[in-house]
Amino acid sequence: MITGQGITKTFRQRGGVLGGRDVRALRGVDFSIARGGAVSFIGESGCGKTTLGRILAGLESHDSGEITIDGVSMTSLRPRARRPYFRRIQLIHQDPYSALNPTRTVHQTLAAPLALRARQTGRAKGWIDERAEELLGLVGLDPGHVLPRYPHQLSGGMRQRVVIARALTVDPEALVADEAVSMIDVSLRLGILGLLRDLRERLGVSVLFITHDVATARYIGDDGELYVIYRGQVVERGPVETIISAPVHPYTQALLSAIPVLHGLEVPGGQPVTPAGALEEDEHDAGCLFARRCPFATGRCSAEVPVLGRTGDIPQEHACFHPERRSVVAMPAGRA
Amino acid sequence: MSSAILETGGTAAAMRRNFWRGVWRVMRRKPSRLIGAVIVLGFAFMGVFGPMFHPELLPRDPDRIYAPMSAEHWFGTDGQGRDVLAQVVTGSRYVLLSALVTAVITVVLGTAIGLFSGFKRGRWDTVLMRLTDMKLTIPGLPLLLVLSTVWSFGSAVEMGLVLGLLGWGGVARAVRAQTLSLRERGFIEAARGLGLPTTHIVGRELLPSMAPYIAMNMLIAVTGAVYAQVGLFFLGVLPYEADNWGVMLNLSVFGGGALTTTAALPYMLAPLLAILLFTLGIVLVVDAMDEIFNPRLREE
Amino acid sequence: MPVTPSATPGRKSAPGVRIGGLTVVYRTPAGELPAVSGVDLELPPGTITGVVGESGSGKSTLALSLLNAVQPPGRISAGSVEIDGLGDVVALRGEELRRARGRHVGYVFQAAQNSLNPLKTVGKQLLDLGRSHGVEDLRALVREARDLLGRMGLDGARVLDSYQHELSGGMRQRAGIMFALVLNAHLVVLDEPTTALDMITQATILRIIREVHEERGLTTLVITHDLGVVAEVADRLAVMYGGRLVEQGPTRQVLSDPRHPYTRGLIQAIPRLVGDIGEARALPGRPPTLATVPARGCVFRERCPLRMDVCESEHPPAVAHGTRLVSCHAVEAGAQEHGGEAVAAGAREEQA
């Protein structure tokens, strides 16, 4: 179980002579991931979803807020004592081409963390190779073929599997998959998504999926939760299928409306939402952060700050004063 | 089959074999590289074994001063009637050994400081880089001139040491820049995320990725060191104790008047040619470094 | 010969393009290997055609061939690219070719990430472009650029004064489109126009591509790995695999009733917002690279569920099925058995 409460992070961008500019990447994000669960963060680039993933993988620190891993509060620990906990959360990079060292074979890549593990647990040397083969088998690769190869001899899909196998060497509790399929060939994406789903079931690994493509979030498990993030704030949260079929926050609706419709197979949803302008981080923040771009904003939206919560009979949590279900998602052509 | 590959010892040996096979493949790709390698190896051979074929003091022949080129004396003789070619050969050991020492010190110091600085960042980085900058601003030649007044540089190792200690700044800066860009790469982040020790990250992940770069710097440092010390001896700021190509140049120009008369011309050209040929060999080999250390380019 | 840019877009009419038997090879240590082989593709005037393919399918090489801009070690080894009003670009050389690029054919590079010079403002680069094409009235050129950017929802003057790093991904891509159109080209090639852009930005760019296409009367070719992008903008869809076109036809028809097993597999492999998760599955195997594309027979056979013996030895020719061209032995064999299938597919199309 991994939880976060009120996580904030501000990056100070170095500007010229006149000093820097603050970019608030995260403005108090709460989340929780159960063991073996699946949580997806979606939003535009620059919304803070990647920062959140990096904080969880221990690659970035946060400014305030509390992260607990298996009930242990990270803020109460010294930085050195935190490391073993964060090691149980492994990051799967977006780019499988830079995530593997081009000068090292798959065997070398896997053996290094396994050797460390063997030393820590007092296992024999033979276990390293055994485990490397086992892990490759687990991610759907043929060890005999893959082990002696260099990364450039593998396809993008195979590399991403090797990256996942490497993450599994430390028996992680959670995998943070940051746009893990966006650089993989289309015909192979489902394979990687299916693998993540499979690992959840077989190993009880939680998957934290970070993406700008909502559709892929469905494929790591239909029991997953979706967090829609806008400018460092969660604006809608709930089960994946609920939010996709009946989103209530205009920003979620805008995101879903933007997904291309496979004309011929699908018909567009009836009430697409198009936001005005583009994501801008440096605007001052009064009221709802999305208000300036929102087609449904009222006076209240620019004055008051909406808080994430449930209202009326809407099943998911949202942060909107005027939640309304709209049919924005494409429908299968047959059913129209 | 897979278990055969997996035996750790076997894998390492097989990989080394593959590496050398790859090196051979890369060298074969262009004839120029092979020529370069032959030249460099030839000079190495000359430096190691050449002086053994000649007596410590070369025989003088007062009857044949500034003799022209002949079958007996390929590059003629000098002002004391000594064979010029023999001097090139006996002088090569000092030149090449000190150049090698310089290159090793330059690269080892430069790489270590650059790696440490770029990997640790923060305070260490600031301190080390200020130090490097300071070092870079010290003009090398005047300092050497000053040093030479108190130090005779009789041994090649001393010479190499001084040049090396003066020369690592550029390499340190360059390696630091490379480290800074590499450490943002996914595989370095992953290694940190996996909790691998810093020695592993620096030694096994960062260093091999920079190997072509370091190798190139090393080779170029060798030629740089040759020029630097030959230049010093040529200028005559160092005593003539050692056999050295630079001393030959100095004597041919200032003693034999090679720039104004033709008699001492072969005496001047011989060491120049040696330097030129050696540089050419290095440049031709440098061309292969990128491909040798990159597994993708090493392949067919 | 200096020319002033046309102030009235659409004066030229959209050109048609006929690519015939196009083969592009790359020189490698293992000999010359084809990246594109025997591609026949027609771009009817005024249409948007989408070419879809995975990595190594040869789609980007095909796009470059339209400008005869394949870089060594690659070269066009056979075939022709006939563009109305320009002739066969494969035969063009030197100055003629340089002039054709920009004036007749506008090219928008992959998501325009790195195609802008980081050291010059967009406006400066625009002037460079104008001068290199002998435009006399540079003021008119700038005005045209500003109008185009304004048309795409940007503050034209501001964008022209900006450096690359001051623009967001979506803005750069729009600047890229402006560069492709500002010399009044009427054939536009967009290579991966939305890769690495967010969904909302992507939707905006796709809308702009469609609108500008109609307003200026263009013939447009969109190269992408994303079927969704093609589905949104293209009238016609061509599917590439291993350097060959395996299927082409009207977009909606191809999507609703894919014939070639690769097209089917690809559509089935797209993560979608609707429909049963269990129905979707990845294609087995991996896309071929330049070195692994089979020299003989069907390029897709190794991943194909309908593979037959003949696929090993003979390349399937493109056969017309109504408005569709399909290259598959199994589809031909099947079509002979069930002649009625096409009718049923047509009926399904009507419903949609």
Side-chain angles (χ1 to χ4, degrees), chain A residues 54 57-60 83-84 86-105 107-117 119-120 125-126 128-130 132-133 136 142-153 159 163 166-170 172 176 178, chain B residues 1-19 21-22 122 178 181-215 289-300:
Chain A
R54 292 177 60 82
L59 293 170
E60 203 95 63
R83 277 187 214 157
F86 280 121
R87 200 163 300 152
R88 286 149 74 177
I89 307 174
Q90 285 291 321
L91 183 68
I92 309 293
H93 283 84
Q94 165 179 14
D95 180 3
Y97 293 83
S98 82
L100 293 175
N101 191 332
T103 63
R104 291 170 73 72
T105 62
H107 179 255
Q108 288 175 310
T109 296
L110 295 180
L114 283 173
L116 192 74
R117 191 100 185 134
R119 260 205 307 285
Q120 285 163 351
K125 274 232 156 71
I128 297 172
D129 291 343
E130 244 170 65
E133 289 194 45
L136 286 177
D142 169 17
H145 175 73
V146 171
L147 273 172
R149 310 222 166 236
Y150 286 101
H152 73 268
Q153 295 165 319
R159 280 183 219 211
V163 170
R166 179 180 62 190
L168 294 177
T169 55
V170 294
V176 177
D178 187 359
Chain B
M1 149 126 184
S2 65
S3 63
I5 296 165
L6 279 177
E7 277 176 60
T8 326
T11 320
M15 284 197 47
R16 224 169 297 132
R17 230 180 4 257
N18 278 339
F19 175 78
R21 219 174 281 150
Q178 286 263 311
S181 86
L182 275 174
R183 84 194 296 282
E184 303 300 322
R185 295 278 279 281
F187 62 85
I188 300 292
E189 269 191 352
R192 282 196 286 154
L194 291 165
L196 293 172
T198 309
T199 47
H200 171 94
I201 297 177
V202 172
R204 298 293 175 82
E205 309 270 356
L206 274 175
L207 209 52
S209 308
M210 279 190 279
Y213 200 70
I214 292 168
M289 288 304 130
D290 231 357
E291 293 175 33
I292 283 179
F293 290 102
N294 184 329
R296 188 170 58 81
L297 301 176
R298 203 157 62 212
E299 274 177 27
E300 291 296 349

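Keep in mind that what you see is a predicted model, and the values were worked out from it rather than measured. A note on names: the letters A, B, ... follow the listed sequences, proteins ahead of strands, and every chain is numbered from 1. Worth knowing before you read on, the calculation uses all heavy atoms, side chains too, and leaves out hydrogens, waters and symmetry mates.
With chain B as partner, the option from A/R166, A/R117, A/H145, A/R83 having the largest number of non-hydrogen pairs under 4.5 angstrom is A/R166. Top candidate by heavy-atom pairs under 4.5 Å with chain B, chosen from A/P102, A/A57, A/A111, is A/P102.
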Using atom types as modelled, flag every donor-acceptor pair under 3.5 Å from a side chain in residues 187-209 of chain B to any protein atom, sequence neighbours excluded.
unit_1	atom_1	unit_2	atom_2	d
B/E189	OE1	A/R54	NH1	3.0
B/E189	OE1	A/H93	NE2	2.9
B/E189	OE2	A/R54	NH1	3.0
B/E189	OE2	A/R54	NH2	2.6
B/H200	NE2	B/E205	OE2	3.0
B/E205	OE1	A/N101	ND2	2.9
B/S209	OG	B/E205	O	2.8

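Interface residue A/L100: only backbone heavy atoms are found under 4.5 Å from chain B. Using a 4.5 Å cut-off between heavy atoms, A/Q94 makes no contact with chain B at all. For chain B, the nearby parts of A/A112 are the backbone and the side chain; heavy atoms of each come within less than 4.5 Å. Of the two parts of A/T169, only the side chain, counted from C-beta on, holds a non-hydrogen atom closer than 4.5 Å to a non-hydrogen atom of chain B.
Contact detail for A/L147 and A/E133: the closest heavy-atom pair is CD1-CG, 3.9 Å. Of all non-hydrogen atoms in A/T105 and A/P148, the two that sit nearest each other are CG2-O, 3.7 Å.
Every side chain to side chain contact (heavy atoms under 4.5 Å, CB included) that B/E291 has, sequence neighbours left out, goes to B/V26, B/R29, B/R33, B/L297.
Although no hydrogens or angles enter the test, the distance criterion places no donor-acceptor pair under 3.5 Å between the side chain of B/E184 and the main chain of B/S181.
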